[in-house]
Amino acid sequence: MGQEESHTEEMDLAQIQELCIVFMKECPSGALHLHEFKRIFGVASTSPEECLYIETIFRSFDTNQDNALDFLEYVAALHLILRGNLEDRLKWSFKMYDKDGNGKLDRQEVRRLIRIIYKIKFQTGEVSMTPSEICDRIFELVDQNHDGQITLAEFMAGAQKDEWVMNLLKLDINATNWVLQNCGKLP
């Protein structure tokens, strides 16, 4: 599988400029806080799964952990989501799964995010497996040394050799369309 084909729906310069204008308009202080992040991307507070997912995304982009995204963090986040290559997006996905930041994923960390994704992505009933069964299958396919933890190297190798695993691990819930649609919702 190796390299992923380029995105078919890339943002043009005008759309990127629109996002920058939105940032400056919504965050004149230069800091984007979680509640503003949710509002900009149209996440309704009524869905606990979407809220938890967006909070996890927000925290992964808050590189200095000051509970706010500055403009550079915001631009880096958009670049990764919208134009990042497969390797960078997999590393970001690993970081999202690795809640305790120890560089290894245990079953609890993987199951936590799978439950969220399962409720968002598979509401249509396309999948006959439970989140726990999905987690077990991921560990069977990816945990090469069977120590109950997945390292970044195992994560990258496992995702790239199995398409089913790739689709779950890379946390790609059509982010480009999501950003483009929700930018249009702004006043």
Side-chain angles (χ1 to χ4, degrees), residues 11 16 18-20 22-84 88-124 127 130-132 134-135 138 149-150 152 155 159 165-187:
M11 294 184 72
I16 293 171
E18 179 185 346
L19 289 173
C20 293
V22 167
F23 182 86
M24 290 184 287
K25 179 182 172 189
E26 296 292 323
C27 311
S29 69
L32 176 64
H33 297 277
L34 179 59
H35 68 280
E36 296 161 327
F37 189 76
K38 287 180 180 180
R39 187 180 71 239
I40 286 174
F41 291 105
V43 175
S45 312
T46 57
S47 168
E49 291 80 22
E50 283 187 3
C51 282
L52 189 52
Y53 184 70
I54 200 75
E55 287 171 20
T56 304
I57 290 172
F58 180 86
R59 304 232 183 280
S60 76
F61 292 135
D62 183 14
T63 56
N64 61 3
Q65 298 178 342
D66 65 352
N67 294 319
L69 301 184
D70 60 34
F71 187 69
L72 290 177
E73 289 170 325
Y74 175 79
V75 170
L78 288 177
H79 178 75
L80 175 69
I81 289 174
L82 302 173
R83 296 180 184 251
D88 290 339
R89 289 186 2 221
L90 283 171
K91 286 178 181 176
W92 169 69
S93 295
F94 183 87
K95 180 180 173 183
M96 293 234 337
Y97 279 100
D98 189 14
K99 185 161 174 66
D100 64 10
N102 70 351
K104 295 180 181 180
L105 306 180
D106 60 33
R107 287 182 185 272
Q108 182 179 353
E109 289 171 320
V110 173
R111 194 175 295 115
R112 174 187 162 271
L113 210 46
I114 292 295
R115 281 191 181 117
I116 296 167
I117 293 168
Y118 188 87
K119 288 183 179 178
I120 295 171
K121 203 173 187 178
F122 302 121
Q123 291 175 345
T124 59
V127 173
T130 67
S132 289
I134 292 170
C135 181
I138 288 171
Q149 296 184 323
I150 298 173
L152 177 60
F155 186 89
V165 172
M166 169 74 77
N167 289 333
L168 283 163
L169 293 184
K170 74 176 179 180
L171 300 180
D172 189 14
I173 304 181
N174 202 356
T176 302
N177 279 346
W178 184 61
V179 170
L180 293 176
Q181 284 175 341
N182 287 300
C183 277
K185 291 180 183 177
L186 294 170

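What you see is a predicted model; the values in this text were computed from it and never measured. Hydrogens, waters and symmetry mates are skipped; everything else that's a heavy atom, side chains included, is used.
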Are the side chains of Asp88 and Trp92 in contact, using a 4.5 Å heavy-atom criterion?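 No; the side chains remain at least 4.5 Å from each other.
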Would you indicate whether the side-chain heavy atoms of Leu52 and Arg115 approach each other to under 4.5 Å?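 Answer no - side chains too far apart.
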Nearest heavy-atom pair of [X] and [Y]: which atoms, and what distance?
X     : Y     : value
Phe61 : Leu80 : CE2-CD2, 3.8 Å
Phe58 : Leu34 : CZ-N, 3.5 Å
Leu32 : Cys27 : CD1-SG, 3.3 Å

Rounded to the nearest 0.5 Å, what's the gap from [atom1] on [X] to [atom2] on [Y]? Could you check?
X      : Y      : atom1 : atom2 : answer
Asp98  : Met96  : CG    : CE    : 12.0 Å
Cys135 : Arg112 : SG    : CZ    : 12.5 Å
Phe155 : Lys95  : CZ    : NZ    : 13.5 Å
Tyr97  : Ile114 : OH    : CD1   : 4.0 Å

Salt bridge (Lys or Arg N to Asp or Glu O under 4.0 Å) contacts touching residues 51-75 (sequence neighbours left out):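 Listed once each, the pairs are Lys38-Glu55.
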Excluding sequence neighbours, so at least two apart, what forms side-chain hydrogen bond (donor to acceptor under 3.5 Å, both in side chains) with Lys99?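 By the side-chain hydrogen bond (donor to acceptor under 3.5 Å, both in side chains) rule, Lys99 matches no residue at all.
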